[in-house]
2 protein chains.
Amino acid sequence: MPPVIPDKRSRLVDAAVRLVHRQGFHRTTLADVAGESRVPLGNLYYYFRTKDALGKALIDRYVGRYEELRAQWDAMPDPRARLDAFIQMTADNREMLARSGCTIGSLTSELRKDDGDLATSATRLFDHLLQWLEAQFRLLGRSKPDARGLAIHLLSALEGASLLAHNFGSAKYAAQEAALLRRWVRDL
Amino acid sequence: MPPVIPDKRSRLVDAAVRLVHRQGFHRTTLADVAGESRVPLGNLYYYFRTKDALGKALIDRYVGRYEELRAQWDAMPDPRARLDAFIQMTADNREMLARSGCTIGSLTSELRKDDGDLATSATRLFDHLLQWLEAQFRLLGRSKPDARGLAIHLLSALEGASLLAHNFGSAKYAAQEAALLRRWVRDL
DNA sequence: GTCTATATGTGGATAGAC
DNA sequence: GTCTATCCACATATAGAC
């Protein structure tokens with residue numbers, strides 16, 4: 001049986017994920033994506049009629065990733081352990097965060113300054129995440145507005161720490177803030 | 001006496017500040033900047049030989065702004081009041097943050113993905129800020145590593161909240177997180 | 001479905017008159 | 001110092017053969 005080679009569409013999105021994270025969406029050309037995935041440029045247009053279409057597929061890919069992670073976290077019995085796992089992810093990815101920042105954070109920050117549909121379609125990523133976080137704090141007995149505030153605080157702190165790690169090119173910022181937030185959740 | 005018209009160089013940087021904040025650096029063309037500041041495109045190159053040179057002037061402008069703010073804050077006798085004023089700035093600017101995000105945060109996040117000098121020159125903005133914050137926490141009696149961690153936490157949370165406000169196009173995220181952080185500083 | 005060649009538009013940058 | 005006209009590189013997108 002030959003090794004499984006992902007279909008071209010997936011390969012294109014895979015390449016786009018890597019390149020966009022490293023270079024940003026606007027600075028990543030379709031020729032870059034075609035080259036990285038070893039698909040001729042003209043052929044790329046068979047799968048994605050415009051660059052925006054590729055952008056949407058990129059966002060869909062992130063949504064899919066998030067749903068997988070969420071399923072893993074939801075398998076844990078304790079909401080506190082779930083939050084801990086969520087925070088730990090930032091510590092685990094600290095080197096990548098130092099190199100290129102948070103995939104979602106930097107993408108939304110970039111795309112929100114555009115005017116087309118892409119500007120709004122990145123929004124839903126954080127929306128899902130915040131709702132899930134809010135649900136965990138509610139399970140810890142917090143009132144609805146209180147839980148919302150804590151969810152925003154936690155996500156803000158992690159996104160900001162990723163931004164700083166990226167700004168300074170140093171994983172320490174992500175690691176240190178993650179450690180602080182883990183203690184914060186433990187003592188809540 | 002005729003009204004004071006800022007010299008062309010300043011006008012160009014002023015226009016760049018507005019446009020880059022709204023559209024991002026890469027999507028802001030030199031023609032945009034020339035148009036906004038009513039300077040013919042060819043003439044712009046007399047003041048800035050390359051787009052990167054304009055980018056550096058942009059960063060210098062932000063450094064200047066920050067030094068003015070810092071002088072105001074340092075005039076306050078109490079470090080707790082200084083931190084409070086720092087946080088309050090995010091609440092005051094919440095509508096602007098919802099529209100275009102944090103000027104420094106989104107600029108550094110964008111430029112850090114480039115390879116030239118610009119990528120590193122945006123870094124110093126947060127560096128100055130963190131050092132000042134750390135000094136305030138030290139004045140509150142914290143140990144050096146402790147103060148550093150608190151400074152990172154505070155800046156992270158505010159930058160993350162700005163990112164969320166921008167992502168959702170809603171000032172609430174900035175306002176709510178600022179309120180939470182003011183209570184946090186008060187009770188430290 | 002695949003791929004080469006190319007059209008089209010745009011943006012940074014320069015030439016050179018004034 | 002100022003401004004018009006233009007060059008050139010490059011990125012998105014298309015045409016059309018296979």
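Letters A, B, ... mirror the listed sequences (proteins, then strands); counts begin at 1.
Taking the side chain of B:Thr50 as heavy atoms from C-beta on, and the options D:dA11, C:dA13, D:dA13, the nearest nucleotide is C:dA13. Here the side chain of B:Tyr45 is nearest to one of C:dC3, D:dA13, C:dG12, namely C:dG12.
Remark: the B:Lys113 side chain and the A:Ser106 side chain contain an N/O donor-acceptor pair separated by less than 3.5 Å.
In this structure, A:Phe25 and B:Asn43 both approach DNA chain D, and ranking their closest nucleotides by distance from the 5' end singles out B:Asn43.
In this structure, A:Tyr46 does not reach the C:dT2 phosphate: none of its side-chain N or O atoms is under 4.0 Å from OP1 or OP2. Between D:dT2 and B:Tyr47, a contact under 4.0 Å exists linking OP1 or OP2 to a side-chain N or O.
Ring pair A:Tyr66/A:His128 is parallel by interplanar angle, where below 30° counts as parallel and above 60° as perpendicular.
Summarising the geometry, the separation between NZ on B:Lys51 and C1' on D:dA9 is reported as 15 Å, rounded to the nearest angstrom. Atoms CZ (A:Arg27) and P (D:dA11) sit 9 Å apart, rounded to a whole Å. Rounded to an integer number of Å, the gap from A:Arg49 CZ to D:dA13 C1' is 12 Å. C:dC3 atom P lies 12 Å from atom CG of A:Leu44, rounded to whole Å. Counting to the nearest Å, the C1' atom of D:dG1 and the CZ atom of B:Phe48 are 15 Å from each other. Per the geometry, NE2 belonging to A:His26 stands 15 Å off P belonging to C:dT10, to the nearest Å. Note: CG (A:Asp32) to C1' (D:dA13) measures 16 Å, nearest angstrom. Atom-to-atom, CG of A:Leu30 to P of C:dT6 comes out at 20 Å; the value is rounded to the nearest Å.
The pair B:Arg183-B:Asp187 does not count as a salt bridge, with every side-chain nitrogen at least 4.0 angstrom from each carboxylate oxygen. Using a 4.0 Å cut-off between charged nitrogen and carboxylate oxygen, A:Arg70 and A:Asp74 count as a salt-bridge pair.
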